[in-house]
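First up is the structure itself, then whatever we jot down about it.
By convention here, the first residue in the shown sequence is residue 1. When a ligand or atom number is given, it counts from 1 through the structure's own listing order.
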Amino acid sequence: MIKFLVPDIYLNSVYDLDLELLKKKNIKGILIDLDNTLLPWNSSRIDEKMTEWLLNAKKMGFKFCIISNNRASRIKECAEKLGIPAVEGIAFKPAKRVYIKGMKILGTEKEQTAVIGDQLFTDILGAKRLGLFAILVRPLVEKEFFFTRFMRRIEAKILKRVLKKESDKN
Ligand SMILES: [Mg+2]
């Protein structure tokens, strides 16, 4: 199980993502989480910097699709504002179906698809189970649903162990 919880990259935010590196890896499509990855949790305020980042990435040839466990109406509203499609409420991450549907929308194969999200047990777990390139980012804000907060504490512990294991390897 733990190997499915290890992201390929761990970043402070999407802004630190090396898009050239993804290009070299032949990544063409990105499944991206909404809350705390693209937007602050449960807020519809879209940061201008984020819009620009998306635009630039699109110009570089990347396609995006939102995968979110939030309410369908909120996902739809944000997807429209951001100008990118979203997987519509068929299941919840980490269910494989969500990612498979997303890849269908992107028109990409597994090895051409990356996933960006802020949670190990949803975003990353689902990505790794399918063998997708998984990018973990730090949550944009800490104000969250209490269950998410609880999971974060567990995540922090696992991440610490994982990072230690990685550094032991090097
Ligand atoms: Mg999230």
Side-chain angles (χ1 to χ4, degrees), residues 1-2 4-17 19 22 27 29-54 57-58 62-103 105-106 113-130 132-160 162-163:
M1 164 97 169
I2 196 143
F4 292 134
L5 291 170
V6 184
D8 294 288
I9 313 183
Y10 179 39
L11 303 169
N12 248 323
S13 87
V14 293
Y15 303 124
D16 297 325
L17 181 59
L19 290 168
L22 289 194
I27 298 291
I30 298 172
L31 298 173
I32 193 158
D33 169 52
L34 193 59
D35 291 291
N36 263 336
T37 298
L38 278 173
L39 308 174
W41 187 73
N42 246 350
S43 146
S44 298
R45 198 181 56 79
I46 295 166
D47 197 44
E48 224 171 89
K49 198 176 162 196
M50 188 60 80
T51 316
E52 263 170 46
W53 181 82
L54 280 169
K58 281 189 201 168
F62 292 103
K63 284 196 215 157
F64 288 90
C65 178
I66 294 169
I67 48 170
S68 168
N69 285 352
N70 209 310
R71 300 186 316 273
S73 58
R74 172 170 155 74
I75 298 170
K76 202 169 169 228
E77 181 197 344
C78 295
E80 274 168 17
K81 277 193 191 167
L82 289 160
I84 45 183
V87 171
E88 280 170 46
I90 46 160
F92 291 102
K93 294 176 285 184
K96 287 181 182 173
R97 278 202 293 158
V98 177
Y99 300 76
I100 291 167
K101 177 92 184 285
M103 284 189 279
I105 294 171
L106 292 171
T113 311
V115 175
I116 305 177
D118 68 303
Q119 289 191 268
L120 285 180
F121 289 101
T122 53
D123 307 305
I124 303 304
L125 177 60
K128 295 311 288 181
R129 281 168 71 214
L130 278 167
L132 309 180
F133 192 75
I135 300 155
L136 181 72
V137 291
R138 281 177 67 150
L140 282 176
V141 285
E142 302 294 341
K143 182 192 114 195
E144 289 172 297
F145 186 43
F146 82 95
F147 179 71
T148 310
R149 274 204 318 263
F150 167 75
M151 292 304 280
R152 289 230 181 267
R153 251 180 267 154
I154 300 174
E155 279 179 352
K157 276 189 193 146
I158 290 179
L159 201 59
K160 223 164 121 187
V162 164
L163 293 176

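- Checking side-chain atoms of D8 against main-chain N and O of A134 turns up a donor-acceptor pair under 3.5 Å.
- Shown here is K81, whose NZ atom has more than 12 heavy atoms of other residues, nucleotides or ligands within 6.0 Å.
- Excluding waters, the set of protein N/O/S atoms under 2.8 Å from the Mg ion (ligand 1) reads D33 OD2, D35 O, D118 OD1.
- Between K93 and the choices T122, N69, D123, the side chain to side chain donor-acceptor pair (under 3.5 Å) rule is met once, by D123.
- Y15 places a side-chain N or O within 3.5 Å of a backbone atom of M50 that can act as its donor or acceptor partner.
- Remark: K58 NZ is packed, more than 12 non-hydrogen atoms of other residues, nucleotides or ligands lying under 6.0 Å away.
- Panel note: side chain N36, backbone V141; a donor-acceptor pair is recorded below 3.5 Å.
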